[in-house]
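Okay, structure first, notes after.
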Amino acid sequence: MSNGSPTRRVPEKPTLDGVEARFVERWNADGIYTFDRTATRDEVFAIDTPPPTVSGSLHMGHVFSYTHTDTIARYQRMRGKDVFYPMGWDDNGLPTERRVQNYFGVTCDPSLPYVAGFTPPFRGSPPKDHRAVPVSRPNFIELCDELTAQDEQVFEDLFRRLGLSVDWSLLYTTISAHARRTSQRAFLDNLARGEAYTQEAPTLWDVDFGTAVAQAELEDRERPGAYHTVAFHGAGGEVVIETSRPELIPACVGLVAHPDDARYAPLFGTTVRSPLFDVEVGVYPHPLAQPDKGTGIAMICTFGDLTDVVWWREFNLPTRAIIGRDGRLLADAPAAIVSDAGRAHYASLVGKSAKQAQTAIVELLRTSGDLKGEPRPITHPVKFYEKGDRPLEIVTSRQWYIRNGGRDQTLRDALLARGEEMHWHPDHMKHRYANWVQGLNGDWLVSRQRYFGVPIPVWYRVGADGQPDYASPLIPEHERLPIDPSTDVPNGFNANQRGVVGGFVGDPDVMDTWATSSLTPQLASNWANDDDLFARVFPMDMRPQGHDIIRTWLFSTMVRSHLAHGGIPWRRATLSGWILDPDRKKMSKSKGNVVTPIDLFDKYGSDAVRYWAASARPGVDTAFSEDQMKVGGKLANKLLNVSKFVMTFGGSESGAVTSPLDRAMLSRLSGVVAEATLAFDDFDYARALERTESFFWWFCDDFVELVKTRAYGTGGVDGVPATTNVSDESLSARHALTRAISILQRLLAPHMPFCTDEVWSWWHNTSVHGTAWPTSADTGSEAPSLAPSLAPSLTAPAAEQLLHTVSTVLAEIRRTKTEAKVSQRAAVSQVVITCDASRASEVTQAQTDLVNAGNVAEFKVVDGATLSVNVTLAPAS
RNA sequence: GGGCGUUUAGCUCAGUUGGUUAGAGCAUCUCCCUUACAAGGAGAGGGUCGGGGGUUCGAGUCCCUCAACGCCCACCA
């Protein structure tokens, strides 16, 4: 290799102690992972790194998946690519907001004015009885900035310790001014193209967080409930329905049954009156009604579930909302309730939570005789916000949406086609994407009624009626971004006009965290700010992420890229698996079994932990295994020792390798290089490692043992090789060992960056991570000129057969000694090998090495059909 | 209900177009301080490849079917 120093500096006692700190420092100082901004797109390998949420802590799942990405980055770099490998911190959104509240003991009140030099009541662990101090939004965001900066430093230190070859100069955060500007700019572009719109509509609502929630953030949870059989009153008698939510009877706007259901056909077009509240509602036919569910006829309420919304919309029904944004029954009864009894019944429910209202209304129904039988307990799936604790309600509110194909088949088909354009690793993950896109039931709801986030960057004129004009929002110029409409003023207005007739009002909402996260390729590449950089890296080559966020992060990023850039955001997505407990459960904090990465780095070394991660097949859920880390530690240690050993012989990488056994070893290694390269090109880092490691142990255990005596040469004693009159055979072994160790160090470098750079540094002045990935040509097995004396050139199958035969003989000698319970060093008086002529020739070619390795006095070859080996030990002296 | 994945040694997993006797590591047992490494080395035992059926000269590998486990989505009166 070029840049190699002829001086070899091999430590007397190799060690991995301190290797991480040393190389973290050196890599940083030398800037070897810095992206070269002059590289053209085809020379670049760009990675859209997932920005971890900094409000939590990094756990083994991060170590696992980020290691996978790093092995790819290091491989591509060694292949000569200019690797664009940024890191981002996701410090935007609810998790950060909650952490800041709990850490400082504050709460955000956007109506308050900014206080300069504000000091929070606490820094860490406020007492339980502390009442949160309200602060303005700008003050709150300052505190968010302070805390996230602390958290981010911890994250960076850990990732550096893990050995990620990130270019830290590309670091971005999702709440920075840059991110807010990018996010707002992208949103305004969506608005300008007609892809973003605002609408007042029923929305899934979390009553505890007080915010709307998108389809992608839902999850079902099994919850106990009960079917209640309730009578409505029609002209022809009672109409009995079943409901799990009787508290919504005052919100009832109709009944619905299947069009083909003969039982209810006579009722279609007629009306019935609701129990207790005596409101007249129509009976409607609709195919979504299921005859076999309950009594086959259901009540439509505003709103019990999403099907209610469909019916409400299709039948153009009135809105009778009773659940407020706090989850409690509204003070005012729906206007449709007119009877005194009905109004009295409603009044008794006001202010109660949905659950309390249900208990109360069941009692009322029982008294009135409209409850038929007793409620029947059931367990049923209920929709929750994935971070929430109470079931979602549906309330009507004004929200912003971005079109995502949920209401538009053409766009949906286009996004499905984009999914096909990409490569998926593993391939079957694309089904999850397609499944999700096909199941969309509405556009992407991007507004959130929260504080810490990127504000929706618009204002509205306040009309003569005092109402905001939502139809034509006031838009800031690009140069003004980022803005906060709660404090900034639109052009042409002054601050005194805020909230007054003829003035303006800012949109109070922030964007969904995914509205910003969906722009990570643009954020990392400085889109709209540095178009030159953007053009050099976009679309990116690789998006690594968890398969649980295909429907959120991956999909929303695809939507943004498709709408804004008319193409896919990356050529391939690599989906990593989960970390499981040893007992196959997903690792969870609550179970108290989360091990901190730092402890493991300390205990086994970063390379060992990386080895565990890199051993897992792409996309496969993997058991947490300290055993695997121990194995990785052994591998690193072995690499140190065998490298040191090989170094002592002073061979040359370009020296002539003439002996058949040496050439056969290099031929096998050539195959390994080809396999590892192929595997990495297919993003299968695990296979690359497995092939390399497998060869490595064979190399140490068999090959080195066989050739080391020859390598020492005649006259070499006490661990010091001969230096004069060294034979060609001896030189061949030295050169072969050297060439192999060079290649092995490089093959292992993407997986174990610390120990490989350590051993590389013993004989090179440059980092192994800036060195070229080995090729088959490096082995010399495809370049006969390196061994002109050997003709004809050894073919790969012939090499394999030679190695196989030699290993078989060696194993038999070893087995004999083990079974005789003597040292491997024990003398053998005779080895008789029965084999055919071709094997006999192989044995002869390696006979010197076999004699040396086995301490054999006499070799005898007997003609025979099948290979068999008979070993006679010398009598103990 | 729809979709996807997994099932190979006690444990964790390889096994790439079907092809010698199904492999590795860990664990277990035995032995060995041999001129790098005892944080080492040499060996041994251990599997009817989830069940059944089929294609083939030949199936862990391809087809059908069943089962268990896991995940995604939908429904949620």
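Letters go in sequence order (proteins before strands), and every chain restarts at 1. Just so you know, these numbers come straight off a predicted model, no measurement behind them.
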Integer-rounded Å distance: [N] [atom2] and [X] [atom1]:
{"X": "A:I579", "N": "B:U12", "atom1": "CD1", "atom2": "C1'", "value": "13 Å"}
{"X": "A:K13", "N": "B:C37", "atom1": "NZ", "atom2": "P", "value": "6 Å"}
{"X": "A:M429", "N": "B:U6", "atom1": "CE", "atom2": "P", "value": "10 Å"}
{"X": "A:E690", "N": "B:G15", "atom1": "CD", "atom2": "P", "value": "8 Å"}
{"X": "A:L689", "N": "B:G15", "atom1": "CG", "atom2": "P", "value": "13 Å"}
{"X": "A:L635", "N": "B:C37", "atom1": "CG", "atom2": "C1'", "value": "13 Å"}
{"X": "A:E626", "N": "B:U12", "atom1": "CD", "atom2": "P", "value": "16 Å"}
{"X": "A:R814", "N": "B:A42", "atom1": "CZ", "atom2": "C1'", "value": "7 Å"}

With respect to the phosphate group of [N], does any side-chain polar atom (N or O) of [X] fall under 4.0 Å of OP1 or OP2?
{"X": "A:K821", "N": "B:G43", "answer": "no"}
{"X": "A:R815", "N": "B:U30", "answer": "no"}
{"X": "A:K817", "N": "B:G43", "answer": "no"}
{"X": "A:R825", "N": "B:C33", "answer": "no"}

If you assign each of A:F645 and A:H431 to its closest nucleotide in RNA chain B, which residue comes earlier from the 5' end?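 With A:F645 and A:H431 compared, the 5'-side residue is A:H431.
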Which is more 5' along RNA chain B, the nucleotide nearest A:P14 or the one nearest A:E819? Just name the residue.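 By nearest-heavy-atom nucleotide position, the 5'-most residue is A:P14.
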For A:W436, is the NZ or CZ atom of A:R551 found under 6.0 angstrom from the centre of its six-membered ring and inside 45 degrees of the ring axis?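 Yes, A:R551 and A:W436 form such a contact.
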Using the ring of A:W312 (Phe, Tyr or Trp, six-membered ring only), decide whether A:R320 places NZ or CZ under 6.0 Å from its centre and within 45 degrees of its axis.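 No, A:R320 does not lie over the aromatic ring of A:W312.
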Determine the Euclidean distance between corresponding [atom1] atoms of [M] and [N]; express it in Å to zero decimal places.
{"N": "B:G23", "M": "B:G60", "atom1": "C1'", "result": "12 Å"}
{"N": "B:A24", "M": "B:G15", "atom1": "P", "result": "15 Å"}
{"N": "B:G2", "M": "B:U20", "atom1": "C1'", "result": "45 Å"}
{"N": "B:U61", "M": "B:C76", "atom1": "P", "result": "42 Å"}
{"N": "B:G54", "M": "B:C71", "atom1": "C1'", "result": "31 Å"}
{"N": "B:A44", "M": "B:C63", "atom1": "P", "result": "37 Å"}
{"N": "B:C33", "M": "B:C37", "atom1": "P", "result": "16 Å"}
{"N": "B:U56", "M": "B:C29", "atom1": "C1'", "result": "42 Å"}

Member of A:Y611, A:F680, A:F696 meeting the ring pair (Phe, Tyr, Trp, His ring centres under 6.0 Å) criterion with A:H751: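 Going through A:Y611, A:F680, A:F696 one by one, the ring pair (Phe, Tyr, Trp, His ring centres under 6.0 Å) with A:H751 is satisfied by A:F680 alone.
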Can you tell me which nucleotide in B:A38, B:U12, B:A42 comes closest to the side chain of A:D701?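 My answer, after comparing the listed nucleotides, is B:A42.
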Among B:C4, B:A39, B:A36, find the nucleotide with the atom closest to the side chain of A:K644.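 Ranking B:C4, B:A39, B:A36 by closest atom to the A:K644 side chain puts B:A36 first.
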Between [Y] and [X], is the closest basic N to carboxylate O distance under 4.0 Å?
{"X": "A:E626", "Y": "A:K603", "value": "yes"}
{"X": "A:R691", "Y": "A:E693", "value": "no"}
{"X": "A:R376", "Y": "A:E242", "value": "yes"}
{"X": "A:D849", "Y": "A:K708", "value": "no"}

Output one letter per nucleotide in nucleotides 19-26 of chain B: B when a protein non-hydrogen atom lies under 4.0 Å from the base, S when only the sugar-phosphate is that close, - when neither is. ------SS
Any chance you could list the contact pattern along nucleotides 70-77 of chain B? Use B for base contacts, S for sugar-phosphate-only contacts and - for none, protein heavy atoms under 4.0 Å, 5' to 3'. -SBSSBBB
If you look at every strand shown and take non-hydrogen atoms under 4.0 Å, does A:E705 touch a base, only sugar-phosphate, or nothing?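 Base contact.
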Residues, nucleotides or ligands: over 12 heavy atoms within 6.0 Å of A:H286 NE2: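 It does: A:H286 NE2 has more than 12 such atoms within range.
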Counting only heavy atoms not in A:H380, do more than 12 sit closer than 6.0 Å to its NE2 atom?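 Check passes, neighbour count above 12.
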Looking only at the side chains, is there a donor atom on one of [X] and [Y] sitting less than 3.5 Å from an acceptor on the other?
{"X": "A:T379", "Y": "A:E222", "answer": "no"}
{"X": "A:T692", "Y": "A:E675", "answer": "no"}
{"X": "A:S606", "Y": "A:E20", "answer": "yes"}
{"X": "A:T15", "Y": "A:E758", "answer": "no"}

Parallel, tilted or perpendicular: which one describes the rings of A:F645 and A:F649, with boundaries at 30° and 60°?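 The rings of A:F645 and A:F649 stand perpendicular, inter-plane angle above 60°.
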Which string of ( ) [ ] | and . matches RNA chain B, if you list each base 5' to 3' and count Watson-Crick or G-U pairs only when both distances are under 3.5 Å? (((((((..((((.....[...)))).(((((.......))))).....(((((..]....))))))))))))....
